[in-house]
Asks: 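Here's a structure for you.
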Amino acid sequence: NGIGRLLDLLDERYQMAIRWSLAHRKTVVLSAVLLFVGALGLVQFIGFEMMPETDESEVRVAVELPAGTRIEVTDELAKRAEAIIRREVPEMTSLLSEVGGGGWQSNSTNSINLRVLLVPRNERSRSSQDVVNALRPKMMLQPGLIVRARSSSSNFAQRMGGNSGGERVSVEIRGFDMQTAGDVARRIKDIVDSVPGITDSMVSRREGFPEMVIKVDRAKAASLGINASDVATTLETVIGGRRASQFRQQGEEFNILVRLSEQQRANIGQLKDITVLTPSGQNVPIGDLVTLVRREGPVSIERQDQERLVRVTAGYANRDMGSIMRDIDQRLQNITLPSGFSLNYGGEYEEQQKSFNELLFCLIIAIVLVYMVMASEFESLRDPLIILFSIPLAGIGVSLALFLTKTTFNMQGFIGAILLAGIAVNNAIVLVDYTNILRTRDKLILRHAVELAGRRRLRPILMTTLTTILGLIPMSLGIGEGAEVQAPMARVVIGGMITSTLITLLFIPTIYTMIEERGEKERVEETEGIGQGMPEPLQPLGAD
């Protein structure tokens, strides 16, 4: 009985509101336009990113030592890092430590990867991102380390599958000269570090790997009958080793390598005393034929689109990607690049731009398809156009919902906006269709048909809207691990449905009345014009 009385009261209030809106049509239209403009103004306060960070009770820490560090030193540092994690992360359930790299980094002896599993989210007071922020400064155990800490989430795996290498912010420096590219990258890294919220910034090109270059004096070697391959083969044998034979024992075979002892190989000066046998049988010291030059060689050279590439990558915390990239772009406007160099934005930002462009195209196609379906059903091009006015009204609720809940606009939110293109028009379809029925079947005049259609279709509209909103509320709350990914879509749909329904109930009847009255006026004018343009009937012959 209470709900029934409430609905009766709503019917009366809505009847009064629709009469007022028809009497003040310009005010209603202007108010709707101002609300839409205000919603556009809120966009600058809404963050943008590709996917929201989720709390999946896992933290990953990567520590990189200088290139060439021995595995024993790396392992000792890993044990110290493990002790710090056990002390600073009481929420930890298990810890996995990997020293020396793995997979494509199997030859990297200077890297440490730590995977920390936490108790479920409802059993701890700190989020995984809070754990990361507290743990990051503790992991700087000594100078020269590169430390990266992040909260593992589902979109981390998506970034690893793309060209970004798992990094959220990436500035690409393209150019041929490696030395110049390194200098530019260090300048850009300093600029990126100055942006608030940036964490774990680094240059993709590592410090050079220490190496010894041996240059053979080919003229002197040729005079003794020795070529460069003889020198290379001798050095390869004494340093790397050469298989001389195999030792068999109980059905197993073991290679026998011939090379210098570890102590002799570690002393570069002793390499000059190694001799090479000439065709005449003489032993010539290699030091008389070669020149030893110590230098650092590149660990790797990245290329993309046939151009050498250096990336400045970073993560961020407590801010959205849109504002981070906007600040970086403003700071990089003043940088002067050497000739032959260019800058591009990659990483998650590049993927977000591609995804948003594709989703925008999908949104346009969805609106076009909705219009085509309505035009075929109404057998009119004007009525579907009136109904489409409800889609911008849904955008008002989208902006308000994201702003009030402090939610970023991401791929899931964009998908929710595409859903609204088909859902938001339902209420307007019900109103316009029933109004047309009353005008054609019951021969009601325009305003009476609009008022009666609104009163009779108010309850069905409220029921369909409330069932949709109530069904999406659990998803919008983001309850459970990883639920943050789907929450933006539900919030976008709920906000759009609320404002679209409330404003549509007044705005669509007003617009419908204005357009139909204008159409009737044009038809009357055409009819009068045709009547006035008819020639007078001819008088019969012989009449006065």
Asks: Checking Q246 now: which residues fulfil side-chain hydrogen bond (donor to acceptor under 3.5 Å, both in side chains) with it, not counting sequence neighbours?
Replies: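 Q246: side-chain hydrogen bond (donor to acceptor under 3.5 Å, both in side chains) contacts with N255.
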Asks: Go through the structure and list residues passing side-chain hydrogen bond (donor to acceptor under 3.5 Å, both in side chains) with T408, not counting sequence neighbours.
Replies: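 Checked T408 against side-chain hydrogen bond (donor to acceptor under 3.5 Å, both in side chains); matches are E49, N410.
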Asks: Would you call R186 and D183 a salt bridge, taking side-chain N to carboxylate O under 4.0 Å as the test?
Replies: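 Looking at D183 together with R186, the answer is yes, because their closest N to O distance falls below 4.0 Å.
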Asks: Tell me whether K354 is salt-bridged to E358, with the criterion being a basic N under 4.0 Å from an acidic carboxylate O.
Replies: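 Salt bridge flag = no for E358 with K354.
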Asks: Is R150 salt-bridged to D200, cutoff N-O under 4.0 Å?
Replies: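 D200 and R150: not salt-bridged.
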Asks: Sorted by first residue and then second, give each side chain to side chain donor-acceptor pair (under 3.5 Å) pair with at least one member in residues 416-425; sequence neighbours left out.
Replies: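 Qualifying pairs, neighbours excluded: none.
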Asks: With sequence neighbours left out, which residue pairs that include part of residues 68-78 fulfil the salt bridge (Lys or Arg N to Asp or Glu O under 4.0 Å) condition?
Replies: R70-E72, D75-K79
Asks: Can you name the residues that form a side-chain contact (heavy atoms from CB on, under 4.5 Å) with L477, not counting sequence neighbours?
Replies: I473, I479
Asks: With sequence neighbours left out, what residues match S201 under side-chain contact (heavy atoms from CB on, under 4.5 Å)?
Replies: K189, D193, I198, A314
Asks: Go through the structure and list residues passing side-chain contact (heavy atoms from CB on, under 4.5 Å) with Q44, not counting sequence neighbours.
Replies: none
Asks: I need the full list of salt bridge (Lys or Arg N to Asp or Glu O under 4.0 Å) pairs touching residues 325-334, with sequence neighbours left out, sorted by first then second residue.
Replies: R319-D327
Asks: Please check if the side chain of D320 supplies one atom and the backbone of F48 the other of a donor-acceptor pair under 3.5 Å.
Replies: yes
Asks: Of all residues at least two apart in sequence or in a different chain, which pass the side-chain contact (heavy atoms from CB on, under 4.5 Å) check with I498?
Replies: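 I469, I494, L502.
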Asks: Give every donor-acceptor pair under 3.5 Å between a side-chain atom in residues 388-401 and any protein atom, sequence neighbours left out.
Replies:
unit_1, atom_1, unit_2, atom_2, d
S390, OG, I387, O, 2.7
S399, OG, A39, O, 3.3
S399, OG, G395, O, 3.4

Asks: Using distance only, find each side-chain donor-acceptor pair of residues 415-426 under 3.5 Å and give its atom names and separation, not counting sequence neighbours.
Replies:
unit_1, atom_1, unit_2, atom_2, d
N426, ND2, I423, O, 3.3

Asks: With sequence neighbours excluded, tell me which residues meet ring-ring contact (aromatic ring centres under 6.0 Å, His included) with F414.
Replies: F356, F409
Asks: Does this structure show an ion pair linking E123 with R121, if we count only N-O contacts that are shorter than 4.0 Å?
Replies: no
Asks: Taking NZ, NE, NH1 and NH2 as the nitrogens, is one of them in E172 or R174 under 4.0 Å from a carboxylate oxygen of the other?
Replies: yes
